[in-house]
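Worksheet: the structure to be examined is printed underneath.
Just follow the structure's listing: the first ligand is 1, and inside any ligand the first atom is 1. These values consider heavy atoms only, across backbone and side chains, with no hydrogens, waters or symmetry-generated copies.
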Amino acid sequence: MQGLTSAGIVEAWGLGRDSSALERSLALLTVALPEKASGELTGLSVGARDALLLELHDKTFGPELRAYASCASCEARLDFELDVRQILAQEQPPASDSAHTLEAAGVQIRFRLPGSRDLAAVASSPDPEAGTALLLRRCVLAATRDSAPVQTHELPEQAVEALSERMAELDPLADIPLDLDCGACGERSRMYLDIGSFFWTEVASLAQRLMYDVALLARFYGWSEEEVLAMGTARRQYYLEMMNPRT
Ligand SMILES: [Zn+2]
């Protein structure tokens, strides 16, 4: 995988600007991996998608990710830094098989790992119980007890818990916990890393700076957006400086 170029940054921003967080993550990967069909990207488990986003961040901006969150107790802003390479090195890569099996509470379950579309569907559920029920309907491919089919709403609680644990084991990058200590109130908050939205914030801010440069250079020199973005940061910067030569 190559990092996003200046043109790729602007292209991804244009694709994802008016979209949901899910579409934005997919826009970044679509631009970075044009050889992959969109169904292939949406079919990835959440952890597999996030592993690609972590790698793309490393290739585009380097391993250091600067972000912030709000303290769960006092809402103070908590700035933090992460090393995306370290996260990738710490966790097992997601299981690649599309179907997995589990036996719990006497029920044999065939299931797949949740992907982007599943989380988007769950996010629009009215409450957490409805969300869990929907996730089970989407991700359980078959469930049987003594060869008789079991509907997902009939699964024993113990089986649902075992399934949720197994999904987390198979896709460890889907939920990366972060424990942040608040300097203002001293409380520790547990968050989950949302690499897609942090990465998007960086891309959006750089895209806007690049387009501002394009507008200045296009007006002054008559170059196209494509020409300005293709020339690279050092040359672009130099041409910008030459617009206002020091006397
Ligand atoms: Zn606090």
Residues clustering with L119 (ILVMFWY side chains joined when closer than 4.5 Å, directly or via others): V46
Please list, one pair per line, the donor and acceptor atoms closer than 3.5 Å that link side chains of residues 173-183 to other protein atoms, with sequence neighbours excluded.
{"residue": "D179", "atom": "OD1", "partner": "R190", "partner atom": "NE", "Å": "2.9"}
{"residue": "D179", "atom": "OD2", "partner": "R190", "partner atom": "NH2", "Å": "2.9"}
{"residue": "D181", "atom": "OD1", "partner": "R188", "partner atom": "NE", "Å": "2.8"}
{"residue": "D181", "atom": "OD1", "partner": "R188", "partner atom": "NH2", "Å": "3.4"}
{"residue": "D181", "atom": "OD2", "partner": "R188", "partner atom": "NH2", "Å": "3.0"}

Under the salt bridge (Lys or Arg N to Asp or Glu O under 4.0 Å) test, which residues partner R85, sequence neighbours left out? D58
Quick one: are Y221 and M242 in side-chain contact, heavy atoms under 4.5 Å? yes
Measuring from the Zn ion (ligand 1), count protein N/O/S atoms under 2.8 Å, please. 4
Salt bridge or not between E23 and R117? Use side-chain N to carboxylate O under 4.0 Å. yes
Taking side chain as C-beta onward, heavy atoms only, is R77 less than 4.5 Å from D79? yes
